[in-house]
Amino acid sequence: VCAALNVTVSPGPVVDYLEGQNATLLCHVSQKRRKDSLLAVRWFFAHSSNSQEALMVKMTKLRMVQYYGNFSRSAKRQRLRLLEEQRGTLYRLSVLTLQPSDQGHYVCKVQEISRHRNKWTAWSNGSSATEMRGVSSHPVERGAFLGISFLILPHSLPFTTDFIVIFFLQSS
């Protein structure tokens, strides 16, 4: 049976960036169950709460970075970086030169894995999320934009998060 890792994403739960800026999201991991275990870290993206999460990038238990789906295409892949900042505790996702299509929910899901009886076994899971909002760098477009905020609620099942979504329109 898998227990829960303590996983936190910062900044959050909502962060604002200007179009063209570089964004950095940190995934903090604590309370590993085993000293000798390895972590698999996955970042997922969804444009809104109604859209399905898509796996963007993964750092495998052997610390190799893999890109998935649309994020494996050269143009998108060049704008994503996943680095292990502190071994087994801090992972940094950078999204370079933000575009309006980068607005949405970013979820970090972590799985603790180790060898047990000659096969890889998952010991614990955890996840956390943030929402990235973009504000246009063009003065005319700054007047109004649709934003989405959400409140993260803990969930007892691994890799799941319940959240309440609030839609709003901000104007100058």
Side-chain angles (χ1 to χ4, degrees), residues 2 4-29 39-60 64-83 90-111 122 124-138 140-172:
C2 286
L5 278 171
N6 185 12
V7 176
T8 308
V9 171
S10 64
V14 177
V15 60
D16 294 322
Y17 285 101
L18 289 176
E19 184 179 333
Q21 282 185 321
N22 296 335
T24 298
L25 302 176
L26 298 173
C27 185
H28 308 262
V29 182
L39 298 178
V41 178
R42 295 171 181 86
W43 279 93
F44 292 79
F45 174 77
H47 285 288
S48 71
S49 62
N50 297 332
S51 59
Q52 187 168 346
E53 290 177 356
L55 177 58
M56 303 169 56
V57 62
K58 169 185 172 182
M59 181 173 287
T60 68
M64 293 178 54
V65 176
Q66 300 171 336
Y67 297 87
Y68 292 85
N70 289 337
F71 303 97
S72 65
R73 294 189 179 138
S74 179
K76 289 240 185 197
R77 190 175 64 235
Q78 289 175 0
R79 294 191 318 106
L80 286 178
R81 302 282 185 276
L82 178 56
L83 299 171
L90 185 61
Y91 298 84
R92 177 171 48 116
L93 176 69
S94 298
V95 183
L96 307 176
T97 318
L98 286 171
Q99 300 172 1
S101 61
D102 296 321
Q103 293 185 102
H105 302 274
Y106 290 77
V107 182
C108 179
K109 296 182 181 183
V110 182
Q111 189 172 43
S124 59
N125 300 299
S127 67
S128 182
T130 193
E131 183 209 354
M132 192 183 313
R133 294 186 307 203
V135 180
S136 173
S137 58
H138 306 291
V140 174
E141 295 176 9
R142 270 192 216 144
F145 71 93
L146 182 63
I148 304 167
S149 293
F150 69 97
L151 173 65
I152 301 168
L153 301 174
H155 199 288
S156 59
L157 297 175
F159 288 173
T160 57
T161 304
D162 290 337
F163 49 90
I164 300 169
V165 178
I166 303 164
F167 293 90
F168 62 93
L169 188 62
Q170 177 177 322
S171 59
S172 52

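Side chain of S51 to backbone of A46: no donor-acceptor contact under 3.5 angstrom is found. Checking side-chain atoms of R42 against main-chain N and O of K58 turns up no donor-acceptor pair under 3.5 Å. In this structure, R92 contributes its side chain and T24 its backbone to no donor-acceptor pair below 3.5 Å.
Between atom OH of residue Y68 and atom CZ of residue R77 there is a gap of 13.0 Å, rounded to the nearest 0.5 Å. Atom CD in E19 sits 7.5 Å away from atom CD in Q99 (nearest 0.5 Å).
In this structure, K109 forms a cation-pi arrangement with F44, its terminal cationic atom sitting closer than 6.0 Å to the ring centre and no more than 45° off the ring axis.
Shown here for Y17 and N22, the closest heavy-atom pair between the two residues is CE2-O, 3.8 Å. Counting all heavy atoms, side chain and backbone alike, R81 lies closest to Q78 at NH1-O, 2.7 Å. Listed here is the closest heavy atom pair of S124 and L5: OG-CG, 3.3 Å. Here the closest heavy-atom approach between residue L55 and residue F71 is recorded as O-CD1, 3.8 Å. For the residue pair V41 and L82, the shortest heavy atom distance occurs at O-CD2, 4.3 Å. Heavy-atom minimum distance, V9 versus S128: N-OG, 3.1 Å.
Counting heavy atoms from C-beta outward, V57 and S72 have side chains that stay 4.5 Å or more apart. Inter-residue side-chain proximity for E53 and H105 is flagged as unmet; no heavy-atom pair is nearer than 4.5 Å. Counting only heavy atoms from C-beta outward, the side chains of L93 and C108 never approach each other to under 4.5 Å.
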